[in-house]
Every structure is written in C-alpha cells, then in structure tokens.
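Reckoned from all heavy atoms, side chains included, excluding hydrogens, waters and symmetry mates.
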Amino acid sequence: MKITIDIDDSAYNYFKALAEDMGCPVETLINNEVEAVHHRAELAKWREEDAEEDDFRWNGDD
C-alpha cells in the first residue's frame, strides 16, 4: 500500500536531521514513523473492539 502525505517544512527538517544522525535516508525514517503510527492506531482499534466484546459478554451475567 502506498500512502502519500504532506508534511510541513519544519517537520521534514526535523526528520532529516534525525535521519542524518541515524545514518539512514530521510524517506525511510518518515515511512517507518508513518507505519508505526498506523500500527498503533490498528492496535488501539482492535483493543477497543475486544473491550466492547468483553463488555457485551459480561453484561448478561450481572
């Protein structure tokens, strides 16, 4: 999947400096950051869905 994002110049410069310190291309660092944010959002969504299922199961036992 390909995602295109627009970032502010200051954000790009921040990631560029960080990438230079880490010795990797700035695009790689930004891609990894976007992927990590997406992954955390998916985990939060799954946890929320699991919590809703757990609540539903326990509501009938009260």
Side-chain angles (χ1 to χ4, degrees):
M1 168 176 29
K2 183 176 181 175
I3 298 173
T4 303
I5 60 171
D6 290 323
I7 61 173
D8 191 341
D9 287 340
S10 62
Y12 181 82
N13 291 335
Y14 168 80
F15 284 115
K16 183 178 178 185
L18 193 59
E20 288 173 358
D21 290 343
M22 296 173 69
C24 68
V26 66
E27 292 83 5
T28 301
L29 180 61
I30 292 172
N31 289 340
N32 289 342
E33 289 294 324
V34 169
E35 189 173 319
V37 168
H38 180 264
H39 182 69
R40 284 192 299 266
E42 286 293 317
L43 285 177
K45 177 183 165 187
W46 293 335
R47 287 185 188 132
E48 185 177 299
E49 289 172 355
D50 287 346
E52 289 173 0
E53 289 175 10
D54 288 345
D55 289 345
F56 179 73
R57 278 186 261 148
W58 289 105
N59 281 340
D61 294 338
D62 289 337

Quick check for you: to the nearest 0.5 Å, what is the distance between [X] atom [atom1] and [Y] atom [atom2]?
X: L43; Y: H38; atom1: CG; atom2: NE2; result: 10.5 Å
X: N32; Y: H39; atom1: CG; atom2: NE2; result: 13.0 Å
X: I7; Y: I30; atom1: CD1; atom2: CD1; result: 4.0 Å

Exercise. Would you name the heavy atoms of L29 and M22 that are closest together and state the gap between them?
Key: CD1-SD, 4.0 Å
Self-check item: Test side-chain contact (heavy atoms from CB on, under 4.5 Å) applied to F15 and E20, E27, E33, the passing residue
Solution: E33
